[in-house]
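A quick write-up on the structure given underneath.
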Amino acid sequence: MQDGPDEEHRRTRRLETGWRFTRGDVDDGADPALDDGDWEAVEVPHDWSIEGPFDPDNPSEAAGGFAPEGVGWYRRELPEDIDGEPTLRFDGVYRNFDVYVDGDHVGTRPYGYSTVTYDLSEFGVTGGETLAVRVANDEHPHTRWYTGSGIYRDVHLTETDPVAVAPFGTDVRTNAVNRQRAEVQVLTEVTNDDDESVEVALETDILDEDGEVVATAGDEATVDPGESHEFEQRLSVADPERWTLDDPTQYYARSVVYREDGGGATAPPSRNDGGAAAIAVDDYVTPFGVRTFEWTADEGFFLNGEPVDMKGVNLHHDAGCLGAAVTERALERRLETLKELGCNAIRTAHNPPQPELLELCDRMGFLVIDEVYDKWRHVGADEWFDEWWDEDLAAMIDRDRNHPSIVLWSVGNENFDQGSDEMIEDLAMLTEAASEMDPTRPVTYGNPPWGEGTEGVVDNIERVAEHVDVLVGNYQEHWYDDYREAAIDLPLLGSENRRFFRGSGDDPLAFVPRNPWYDVEERDDVCGQFLWPGIDYLGEARDWPNKGWTTGLIDTTGSIKPAGRFHQAAWSEEPVVFAAAVDHDRERPACRPAWSGPPLSAHWNFPDREDSQGFVNVYTYTNAEEVELYQNDESLGTQHAEDYGPRPIEWYVPYESGTLRAVAREGGEVVAEHELETAGEPAAVELVADRETLAADGRDLVYVEATVVDEGGVRVPRADHEVDFAVSGAGEIAGVDNGDLDSDEPWVGESRSAYHGTCIAVVRADREGGRIDVEATVDGLDGDDLRVVVGDAE
């Protein structure tokens, strides 16, 4: 996924294919002689939990979305053509996994979100050996949400010279930046796994996005066998392009390692630095951005000297019907939809994300809070926390520290023992370690709203404030003044906020209908908010058959909910108007009321009110000065946004079938319109694909939406027909979804019922290329089909 210059002297490849998998434990699962011919052929990333069956008796219970878990084994052969020192990297295996090569135990890790690397040269790996991974997700409780099970993130094999840059061995810092110049400090760890000392030269080039070298530095050192050396180099980039949210420009540090003896080189020499014996044996490319940021207690957050309100959301790592095995396109689509809403920040709740998410945030212009843990001594972490916390924390920071999008580290979230002596000791240990690992970013912790009344909450917050750089709070916007009165002089940030209601008095989950966004907009000392959640997710469910959290701005199909349009109007720089009808008959999945809001729908179908001239309560969301509402082209009046303060504009409309149109004006000029239209009887299903061309890489996705429509093409809002999908050609169905987390239908299959008139099939491209043909059929309705190109096929 990485752009920038290619790495010429090391080889890195994903181990995606050739895996064999079985559920259940196997006594000799690591034995290379084991006959695994009857195991299932799978590709990695792979999440066996999403395949089901989901069942109320599964031990994951409501927290895990009633998903199946247990123990599983994966096996495959390592490539035969390994050339050099092999390193194996797992971006995420959930959880308690053990790695074996030809029966030898390579390593173990209990935490399912850490990126882990193993040096296979210690095990004599030359190619063709049997790689086996045992995954044990069978101890409960271990989570508060759906995790998935298995090797659910990528596996990488890297081959290098014995003298090479260490895994995640660069640390690029832009310490001083102005319009004329950026001073760049590059710390590079070079390891020597040879049997004798080596004279090493390191040349570092900074390249811009056009591939032009804009700065160069070189240094030399003797590295003893089995040791490493950290090079420190300082470079100056003239007239730097800043990384900003609107123009997220990146640079690339290319680190080239030379050894004077030339021994062990894995690639032909491409450079010569002072004699035929100085051979380039390794290179490593690090994307980074030139930017400054500042958190202040009185004026908020600044990026490159400009004030920025964080318009953020919390994201869990699953993606609806894909479960936890999420490739780049699914992540990109989620971020594109959030961008449409005006979102500019992500909190990785509550674990290190897959690296592709951070790469996309760098490219697309999002700020990120990178979080290592949820409750660090609770919910399955207590038995291993003391042994592993420092490695988990270092795994996150070492991997992620060069991402310009990351502006804050978080060491955890909502410990049950908030404010206790043991919790404060752990917090101090974690934040001090994080600051030592990366002194360029502040460190925080997600505070829960817990304590004996307001006074108890403030007491706990005062204790926490001594050990964090930024004070972030979950559902605490109504206590900001109390924190200031307690002389807490730290930047303030809402790390979890509800989308509609605000807390009051001693109750953080009160039902005051004043949107917490206004605590950001109206205060200079609050840096932003992060809504809980941005997108619906699996787990943290209510009673069966509910399987997840349903109050996001976006549902699991990627569709923006009508309630999400408030934040689009509040956050977006583009003119926005959206009309939504309060529909008390609307089917809604189970949810926690405190995170909910009015039952809004984007349709104009209320036949029960037409004969009686019943009224329909309508909300219009806008960032314009005024809205005029029309029913069947007859004006119902004009209202001004300023008259409603922190609430949407409300209307009571005497219902007539036809059209309801909202027209937004600024300075008397029309800047946006939105229309709802009454649907007739279902007549057909229509397909729309979000893309026309896919890469032939076995990972790329197209989201195909099926909508039940009337004869005029209007969505039928209460249609729940079962849609059968048929896919042929260069792809296959990866999952089906309709956004209804109360549905008992499987996510892996070829059919799905429409929910509010729509459902989707997610189709994955193959590696051969060609065309994908998708057909949708519904009993009694006209069907539809479409074609998508894969690769270079015409």
Is the shortest distance from a Lys or Arg side-chain nitrogen in [X] or [Y] to a carboxylate oxygen in the other one below 4.0 Å?
{"X": "Glu332", "Y": "Lys339", "result": "no"}
{"X": "Asp91", "Y": "Arg399", "result": "no"}
{"X": "Asp386", "Y": "Arg377", "result": "yes"}
{"X": "Arg254", "Y": "Glu7", "result": "no"}
{"X": "Asp697", "Y": "Arg767", "result": "no"}

Task: Ring centers of Trp384, Tyr111 separated by less than 6.0 Å - done: yes

- [ ] Would you sort out whether Arg10 and Thr160 count as a side chain to side chain donor-acceptor pair (under 3.5 Å), showing the intermediate values?
- [x] CA-CA 5 Å; Arg10 61 168 54 203; Thr160 67; 5.4 Å; no

Are [X] and [Y] linked by a side-chain donor-acceptor pair shorter than 3.5 Å?
{"X": "Ser236", "Y": "Arg181", "answer": "yes"}
{"X": "Asn314", "Y": "Arg347", "answer": "yes"}
{"X": "Asn351", "Y": "Tyr373", "answer": "no"}
{"X": "Ser121", "Y": "Glu85", "answer": "yes"}
{"X": "Trp295", "Y": "Asp469", "answer": "no"}

Task: Charged tip of Lys375 within 45° of Phe385 ring normal and under 6.0 Å - done: no

4.5 Å side-chain heavy-atom contact, [X] and [Y]:
{"X": "Tyr445", "Y": "Met423", "value": "yes"}
{"X": "Trp376", "Y": "Asn415", "value": "yes"}
{"X": "Asp370", "Y": "Ser410", "value": "no"}
{"X": "Glu391", "Y": "Arg109", "value": "yes"}
{"X": "Asp171", "Y": "Asp398", "value": "no"}
{"X": "Asp362", "Y": "Gln250", "value": "yes"}
{"X": "Arg291", "Y": "Pro248", "value": "no"}
{"X": "Tyr252", "Y": "Asp208", "value": "no"}

Task: Result of checking Arg153, Arg699, Arg334 against Glu328 for salt bridge (charged side-chain N to carboxylate O under 4.0 Å, His left out) - done: Arg699

Does the plane of the ring in [X] sit parallel, tilted or perpendicular to the ring in [Y]? Use 30° and 60° as the thresholds.
{"X": "Tyr113", "Y": "Tyr152", "value": "perpendicular"}
{"X": "Phe293", "Y": "Phe301", "value": "parallel"}
{"X": "His316", "Y": "His350", "value": "perpendicular"}

Open item on the list: Using salt bridge (charged side-chain N to carboxylate O under 4.0 Å, His left out), reason through Asp194 and Arg259 one step at a time and then give a plain yes or no.
Closed with: CA-CA 11 Å; Asp194 244 345; Arg259 53 186 296 174; 2.6 Å; yes

Task: Single hit among Asp219, Thr216, Thr204 for side chain to side chain donor-acceptor pair (under 3.5 Å) with Gln233 - done: Thr204

Closer than 3.5 angstrom, by distance alone: can the side chain of [X] be matched with the main-chain N or O of [Y] as a donor-acceptor pair?
{"X": "Asn402", "Y": "Thr170", "value": "yes"}
{"X": "Asp102", "Y": "Thr130", "value": "yes"}
{"X": "Thr348", "Y": "Pro352", "value": "no"}
{"X": "Arg95", "Y": "Thr147", "value": "no"}
{"X": "Arg75", "Y": "Leu131", "value": "no"}

What heavy-atom pair brings [X] and [Y] nearest, and what distance separates the two atoms?
{"X": "Val411", "Y": "Val372", "value": "O-CG1, 3.4 Å"}
{"X": "Asn175", "Y": "Gln185", "value": "ND2-OE1, 2.9 Å"}
{"X": "Phe123", "Y": "Val106", "value": "CZ-CA, 3.6 Å"}
{"X": "Gly312", "Y": "Asn344", "value": "N-OD1, 4.5 Å"}
{"X": "Asp282", "Y": "Val165", "value": "OD2-N, 2.8 Å"}
{"X": "Asp283", "Y": "Asp6", "value": "OD2-O, 3.9 Å"}

Rounded to the nearest 0.5 Å, what separates atom [atom1] in [X] from atom [atom2] in [Y]?
{"X": "Thr126", "Y": "Leu120", "atom1": "OG1", "atom2": "CG", "result": "11.0 Å"}
{"X": "Thr108", "Y": "Phe97", "atom1": "OG1", "atom2": "CZ", "result": "7.0 Å"}
{"X": "Leu338", "Y": "Met364", "atom1": "CG", "atom2": "CE", "result": "8.5 Å"}

Open item on the list: Apply side chain to side chain donor-acceptor pair (under 3.5 Å) to residues Thr87 and Asp119 and explain how you reach the verdict.
Closed with: CA-CA 5 Å; Thr87 298; Asp119 181 358; 4.7 Å; no

Open item on the list: Determine whether Tyr94 and His317 satisfy the following criterion, ring pair (Phe, Tyr, Trp, His ring centres under 6.0 Å), listing intermediate values before the conclusion.
Closed with: CA-CA 12 Å; Tyr94 204 90; His317 70 294; 7.4 Å; no

Open item on the list: Apply side chain to side chain donor-acceptor pair (under 3.5 Å) to residues His46 and Tyr74 and explain how you reach the verdict.
Closed with: CA-CA 10 Å; His46 176 250; Tyr74 296 83; 2.7 Å; yes

Open item on the list: For a side chain to side chain donor-acceptor pair (under 3.5 Å) check, start with the C-alpha distance between Ser228 and Glu189, then their side-chain angles and the critical distance, and finish with the verdict.
Closed with: CA-CA 6 Å; Ser228 64; Glu189 181 185 1; 3.3 Å; yes

TODO: Have a look at Val172 and tell me which of Val184, Leu235, Thr188 forms a side-chain contact (heavy atoms from CB on, under 4.5 Å) with it.
DONE: Val184

